[in-house]
2 protein chains.
Amino acid sequence: MDAINRKIVGHLLRDGRATYQEIGDAVGLSAPAVKRRVDLMLVRGEISGFTVRVAPEELGWEIEAYVEIFCRGNISPSTLQRDLAPIPEVVRVDTVTGEADAIVHVMAGSMTDIERTVEAIRTHAKVDKTRTSIVMSRVIDRPPRAGSMNGEVP
Amino acid sequence: MDAINRKIVGHLLRDGRATYQEIGDAVGLSAPAVKRRVDLMLVRGEISGFTVRVAPEELGWEIEAYVEIFCRGNISPSTLQRDLAPIPEVVRVDTVTGEADAIVHVMAGSMTDIERTVEAIRTHAKVDKTRTSIVMSRVIDRPPRAGSMNGEVP
DNA sequence: TCTTGCGGTTGATGGCGTCCACGGCACCTC
DNA sequence: GAGGTGCCGTGGACGCCATCAACCGCAAGA
């Protein structure tokens with residue numbers, strides 16, 4: 001991804017509905033050139049689509065939690081993927097270094113949903129125990145910034 | 001937010017660049033009606049803008065970590081906000097129940113960035129100790145879904 | 001030097017965003 | 001019940017935008 005594409009992405013991060021013409025003016029290209037680059041980034045998977053930013057409560061996700069999971073033996077990412085993907089409340093799963101084996105980010109509509117979801121996570125063969133931290137307040141939640149991309153001038 | 005707006009948002013979550021006409025067809029409204037609703041949701045803050053979905057590595061964020069922080073005494077969300085907001089690598093901060101007082105999500109360009117960022121977090125008066133989990137692999141990372149909105153009568 | 005291919009521009013056209021005026025509908029007041 | 005009022009969707013008009021095809025310049029390689 002070259003410097004121009006990064007500028008285009010930076011622009012789209014700020015305004016995902018910006019017109020190609022507007023972006024073109026900002027980066028010094030014509031609208032069709034911008035479109036061609038964006039389409040290419042889409043097929044290459046460098047960007048995966050466009051969305052709207054919504055506060056989770058607006059979608060009915062009133063409660064969220066981080067669930068650290070500890071496994072018997074070791075667990076492969078693919079197993080984790082297979083086991084947890086079917087649970088809709090699971091928003092994100094990362095394998096991590098440190099005490100826990102993975103951190104699961106859960107969003108649910110109510111406390112009972114959280115309870116049920118954690119239970120669903122526990123009842124997998126390899127999961128030994130879990131440690132749940134309920135989110136009390138979102139203190140900071142930043143939209144992803146266009147990377148400072150070591151050595152670059154925005 | 002009524003049922004129609006939720007359908008509109010659901011549509012925009014899947015495709016943030018969908019035309020108003022297309023959305024209108026999907027929800028049974030005309031294009032101007034959809035635009036008026038979207039604009040209203042924007043000024044009301046129910047949605048906060050549009051973006052592109054980018055893989056973090058494309059932006060130069062090669063490494064991320066979860067940092068649990070433990071404080072001396074108790075800490076207010078506003079203090080946390082004030083102290084951590086200036087650190088650009090801090091993507092997200094939640095106060096949580098359980099052992100730790102807060103969980104900080106950090107994205108950085110390199111391991112040394114992580115180290116520096118964790119150090120920046122530690123050197124705050126109230127922070128007693130931290131526990132860092134480096135992300136090894138992102139197993140699941142779902143775009144937010146339109147809520148199932150428990151118990152609603154349209 | 002000639003060729004080949006990538007990437008940008010130009011120009012044309014159909015569709016879309018965007019604004020305005022109008023009309024129905026529910027709710028409230030007299 | 002009549003009339004007023006505010007909300008919300010529709011229809012139409014206008015200008016801009018997306019989109020595609022054709023063309024052009026330039027760099028790399030034979």
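Below, chain A is the first sequence line, B the second, and so on; all start at residue 1. Nothing here was measured: the structure is a model prediction, and the numbers come from that model.
Every residue was checked against the side chain to side chain donor-acceptor pair (under 3.5 Å) condition with A/Ser133, not counting sequence neighbours, and none meets it. Residues meeting the side chain to side chain donor-acceptor pair (under 3.5 Å) test with A/Glu119, sequence neighbours left out: none. Partners of B/Ala26 under the side chain to side chain contact (heavy atoms under 4.5 Å, CB included) rule, at least two apart in sequence or in another chain, are B/His11. Legend: residues meeting side chain to side chain donor-acceptor pair (under 3.5 Å) with B/Thr97, ordered by chain and number and at least two apart, are absent. Residues satisfying the side chain to side chain contact (heavy atoms under 4.5 Å, CB included) criterion with B/Glu115, sequence neighbours excluded, are absent altogether. With sequence neighbours left out, A/Thr51 forms a side chain to side chain donor-acceptor pair (under 3.5 Å) with no residue at all.
A 4.0 Å heavy-atom criterion places the boundary nucleotides of DNA chain D facing chain A at D/dC17 to D/dC20, written 5' to 3'.
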Expected list for residues 40-48 of chain B: side-chain donor-acceptor pairs under 3.5 angstrom, two or more places apart:
residue: B/Arg44; atom: NE; partner: B/Glu46; partner atom: OE2; Å: 3.1

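Pairs engaging residues 19-35 of chain B under the side-chain hydrogen bond (donor to acceptor under 3.5 Å, both in side chains) rule: B/Lys35-B/Asp39 [sequence neighbours left out].
For the pair B/Arg17 (side chain) and A/Gly16 (backbone), a donor-acceptor distance under 3.5 Å is present.
A heavy atom closer than 4.0 Å to some atom of DNA chain C occurs in B/Pro32, B/Lys35, these being the qualifying members of residues 31-48 of chain B. Taken residue by residue, residues 20-27 of chain B places heavy atoms nearer than 4.0 Å to DNA chain C at B/Tyr20, B/Gln21.
Annotation for A/Val135: hydrophobic cluster partners, listed by chain and number, are A/Tyr66, A/Val96, A/Ile103, B/Tyr66, B/Val96, B/Ile103, B/Val135 (ILVMFWY side-chain heavy atoms under 4.5 Å, direct or chained).
Atom CZ in B/Arg17 sits roughly 13 Å away from atom C1' in C/dG17 (whole-Å rounding).
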